[in-house]
Number of protein chains: 2
Amino acid sequence: MHTEKLKQKRITRINSKVGRDINRSIILNTVRKHQPISRAEISKMTRLNKSTVSIIVSSLLNEDLLVEAPDRGGGIGRNPLDLSLKHGKHFVGAISLDAPCTRVAVVDMDGTIKARDEIFTKAVSPDTLIPQCIGRLNALRSTLGPHRFHGIGVSVAGIVDSTHSRVIHAANLQWNDVDLGAKIREHISDNDPITVENDAKASALAEVLLGTRNTASPNLIFLLLGAGIGAGIAIHGKIIAGNTHAAGEVGHMTVVEGGEPCPCGNAGCWELYASERVPVRWYAEKKQSSPASQAALTLSDVFGAARGGDVHALHAIHLWGQHIGVGIGDMIRILDPEMVVVGGAITQIWDLVSEDINDAAWGRGTFARKRTTAILPTSLPDSPPLLGAAALSIRRIFEDFSISL
Amino acid sequence: MHTEKLKQKRITRINSKVGRDINRSIILNTVRKHQPISRAEISKMTRLNKSTVSIIVSSLLNEDLLVEAPDRGGGIGRNPLDLSLKHGKHFVGAISLDAPCTRVAVVDMDGTIKARDEIFTKAVSPDTLIPQCIGRLNALRSTLGPHRFHGIGVSVAGIVDSTHSRVIHAANLQWNDVDLGAKIREHISDNDPITVENDAKASALAEVLLGTRNTASPNLIFLLLGAGIGAGIAIHGKIIAGNTHAAGEVGHMTVVEGGEPCPCGNAGCWELYASERVPVRWYAEKKQSSPASQAALTLSDVFGAARGGDVHALHAIHLWGQHIGVGIGDMIRILDPEMVVVGGAITQIWDLVSEDINDAAWGRGTFARKRTTAILPTSLPDSPPLLGAAALSIRRIFEDFSISL
DNA sequence: CTGGTTAGTTCATTGAAACAACTTATTGGT
DNA sequence: ACCAATAAGTTGTTTCAATGAACTAACCAG
């Protein structure tokens, strides 16, 4: 069986079962967002009847998705019974595919990483890498005792057709048009759902679902800086795909008119001024050391030098921040999100670049708008693409349907 | 009663009534998108049971929202009874507020303008303009015989808080922080819903709902070019508001680094290179005629000269198109929409600018992506902001709820 | 230990979708 | 002309889940 079952249900109508599923999801998400919370509070928030909440909650308790805490004490009247998500029971597999580092993890449904592993590799064929990943994943699972497994989420540094689980193009891995869903299915149970998504989009989902910058209905852009640049756009908590799965492929926005030529054929592309290679190159050029030592220079070296007060390193980093800010500014003007969240190594030196990014994004003009969109480092406690991969599967636990009119 | 009732219902749970409302909307929208269509076809598309469709359709027929055509003939078996939206019965009021021209119309629920009027004015206070608009609207309605009225939609050339029906800032009208909903409510019945929205966003909605570029779930950007620039972004047919109601306020994206200074305090803003004033100014400068005749020059003059083969006019228009394309390119890279639809006077000379816009948007590089997003003139048969205003009310007829998880 | 208060459960009621059996309308073959 | 075959649409019964009212449970203050 190589066909992809178990896609997110697309709802075209409401009947009693679908209605129940939706209400179940509403209650489950209410607990997720407001835990600990009592049945009575859920009833008030959702406007579902107390009795309805009781019935659905008891089935969620039966499924081991929720736990009931004995007591919160306090107030007048009978004490509420607090409900929370159950930990240590429902796990998902997470794989973040990239070169030179592919990560594998088993993650609890609250986003806690229970076990993790890494595979360092140059570009290799998926037929080599995928079995390796699944092997590591199974090894990790076997260390964790009994649990329910909710499938595998995969984030890929490249353009992904998530509806068909295909990788269209992944530059670092040198993959083109790979049916990743099928290749993974060969190695795992038919029952475990597989979700594949672009790394920046997955990271955005992780920030929405697992981050601590929670708001009621998050409108945010996750900007993932690495060897390239990618963005994931969440509107009301949903990730925008784009007509050709290319929403957020912002690396080739023009930020410097008449700038450096880009392999894409244009010039002045954002990627040439904002990816992680850039400050390293700028710093190396200024240092004018030997070509060999230039090539060996890493981003950590630049960060270290900057922390040590090296003027050239600081200059490279500030300039980097300014160029990042220009592109963020354009995105803010188009989408007016609540926040732009940035992920990547840059978060290590956020204090050094924050001001440059903000100033460039907003401009210095007196009429410049109040800074209504916060530009912040990610709140995720581990690699965003890895947690993003986990979030892809975790989302299915909480909301395995979507309504389309 | 000045409180705003009758907002779009925000659904937090499903019960039998809500489910029925949703299914009713699903059926009504299925007819809207696929008319003429039979009950049996609706049943197949929505996967609602035949009997359920029959019941709901009969209530829609009772409400005069649908009509039944006798017969389509053909095929084997009993012939289907075709269902279509009823015309000439359900009207909405549309007001597009702008200086120097405010438009008022009564519009059928399929988007046909039944009667229209215009008010030419400089910037005036809302307390002067609003009663005038309502007066004109009532006059138009009285010419139209009996009908059901579904409320007033208002589009404003400016930043609008549509959830509170407030105009935050409208440059041409010189309005700031106006509670437009309340001011309109003073002059009309409590039962007629009022919807206020930014003109570009409303235009986007009109293109989605009333345009002929229909697709299943439209992801499009409507770019409205006038005295300023605004965009309305539709994702799955829903208009994105933005955190501060400023999504699509793209006039101050930087498209020319180190370009002309803008009143906003930055430089090289898109508005300075792409609004309708710009080609007029460029042409006037080249012509080096007297300052008086320069000031009198209009956009139509430039278009006329270009059509007549005037080199300077053509140059101004091509340059205009190129600058428009640059900004569109950035939007495409961020959002990857199905199409970018352009509205404004520019559509009159689309054949002259189409290529400039596309070339600038996509770049000329050999590696440039295939042109996956179509850049097209609007398909709307009348002023987009006016039909946009109508669409705001028409939307409520078809879908007066939204689900929020 | 009693009355007041809030949390949570039980059970009869209600609304709507599904299902199956039916009627209606039309084509095509004999 | 008549009789399958087929498809559209309707009717009555069944099923499922949310609701509301009445109930029990737990807790507090005096």
Side-chain angles (χ1 to χ4, degrees), chain A residues 9 11-28 30-31 34 36-62 66-84 401 403, chain B residues 9 11-28 30-31 34 36-62 66-84 401 403:
Chain A
K9 283 171 239 159
I11 289 174
T12 58
R13 101 223 107 131
I14 307 286
N15 60 21
S16 53
K17 277 179 194 168
V18 173
R20 163 59 68 102
D21 277 358
I22 295 174
N23 285 338
R24 199 193 93 112
S25 277
I26 288 170
I27 289 177
L28 191 51
T30 306
V31 175
H34 300 97
I37 186 173
S38 68
R39 292 165 176 78
E41 289 171 295
I42 294 173
S43 172
K44 272 175 209 145
M45 295 187 71
T46 60
R47 307 187 48 209
L48 282 162
N49 193 282
K50 283 197 298 176
S51 48
T52 309
V53 173
S54 268
I55 292 166
I56 295 179
V57 162
S58 76
S59 81
L60 290 171
L61 287 167
N62 262 332
L66 300 184
V67 282
E68 202 171 48
D71 196 315
R72 207 186 320 181
I76 202 169
R78 173 177 172 175
N79 286 352
L81 298 167
D82 277 340
L83 300 164
S84 307
F401 64 87
I403 295 196
Chain B
K9 283 172 238 159
I11 290 174
T12 58
R13 102 223 106 129
I14 306 286
N15 60 22
S16 54
K17 278 179 194 167
V18 174
R20 163 57 68 104
D21 278 357
I22 294 174
N23 285 339
R24 199 193 93 113
S25 278
I26 288 170
I27 289 177
L28 192 51
T30 306
V31 175
H34 301 97
I37 187 174
S38 68
R39 291 165 177 78
E41 288 171 296
I42 294 172
S43 172
K44 272 174 209 145
M45 295 187 69
T46 61
R47 307 188 49 210
L48 282 161
N49 193 281
K50 282 198 299 175
S51 52
T52 309
V53 173
S54 268
I55 292 167
I56 294 178
V57 162
S58 76
S59 82
L60 290 170
L61 287 167
N62 262 332
L66 299 184
V67 282
E68 200 171 50
D71 196 314
R72 207 187 320 180
I76 201 169
R78 174 176 171 176
N79 286 353
L81 298 168
D82 276 340
L83 299 165
S84 307
F401 64 87
I403 296 196

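It should be emphasised that the depicted structure is a prediction, and the values quoted were computed from it without experimental measurement. By convention in this document, chain letters (A, B, ...) are assigned in the order of the sequence lines, proteins followed by strands, and residues within each chain are numbered from 1.
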For A/Asn49 and for A/Gly77, locate the closest nucleotide of DNA chain D by heavy-atom distance; then report the residue assigned to the nucleotide nearer the 5' terminus.
A/Asn49
Would you say the side chain of A/Ser51 and the base of D/dG20 hold a donor-acceptor pair, judged only by whether the two atoms sit under 3.5 Å apart?
yes
With hydrogens left out and only the distance checked, is there a donor-acceptor pair under 3.5 Å joining B/Lys17's side chain and the base of C/dG15?
no
Tell me what B/Leu81 touches on the nucleic acid: a base, only sugar-phosphate, or nothing, going by heavy atoms under 4.0 Å.
sugar-phosphate
Rounded to whole angstrom units, what separation is found between the CZ atom of A/Arg13 and the C1' atom of C/dA17?
9 Å
Between P on C/dG8 and NZ on A/Lys44, what's the gap in Å once rounded to a whole number?
10 Å
Assuming nearest nucleotide by heavy-atom distance, tell me which of A/Asp82 and A/Ser16 is located more 5' along DNA chain C.
A/Asp82
Can you find a pair of side-chain heavy atoms, one from B/Ile42 and one from B/Leu83, that are under 4.5 Å apart?
yes
Can you tell me if the side-chain N/O atoms of A/Arg78 get under 4.0 Å from OP1 or OP2 in C/dT5?
no
When rounded to the nearest 0.5 Å, the distance separating OG of B/Ser38 from NZ of B/Lys50 is 10.5 Å
For a quick test of reading the model: is some side-chain N or O of B/Arg39 closer than 4.0 Å to OP1 or OP2 of D/dA7?
no
Measure the distance from NZ on B/Lys50 to C1' on C/dA16 and round it to the nearest whole Å.
19 Å
To the nearest 0.5 Å, atom OG1 of B/Thr52 lies from atom CD1 of B/Ile27 at 7.5 Å
Student check: side-chain heavy atoms of A/Ile55 and A/Arg20 closer than 4.5 Å:
yes
Where the side chain of A/Asn23 meets the backbone of B/Ile14, is there a donor-acceptor pair that is under 3.5 Å apart?
yes
Over how many whole Å does the gap from A/Leu60 atom CG to C/dG8 atom C1' extend?
16 Å
Side-chain N or O of A/Asn15 less than 4.0 angstrom from OP1 or OP2 on C/dA18?
yes
Roughly how many Å is it from CZ in B/Arg20 to P in D/dA17, rounded to a whole number?
18 Å
Atom-to-atom span, CG of A/Asp21 to P of C/dA17 - whole angstrom:
16 Å
Distance check needed: D/dA25 C1' versus A/Ile76 CD1, whole Å only.
16 Å
Value in whole Å for how far the C1' atom of C/dC19 lies from CG of B/Leu48:
14 Å
OP1 or OP2 of D/dT10 under 4.0 Å from side-chain N/O of B/Ser54
yes
Hey, does A/Asn79 reach any base, or is it just sugar-phosphate, or nothing, if we go heavy atoms under 4.0 Å?
sugar-phosphate
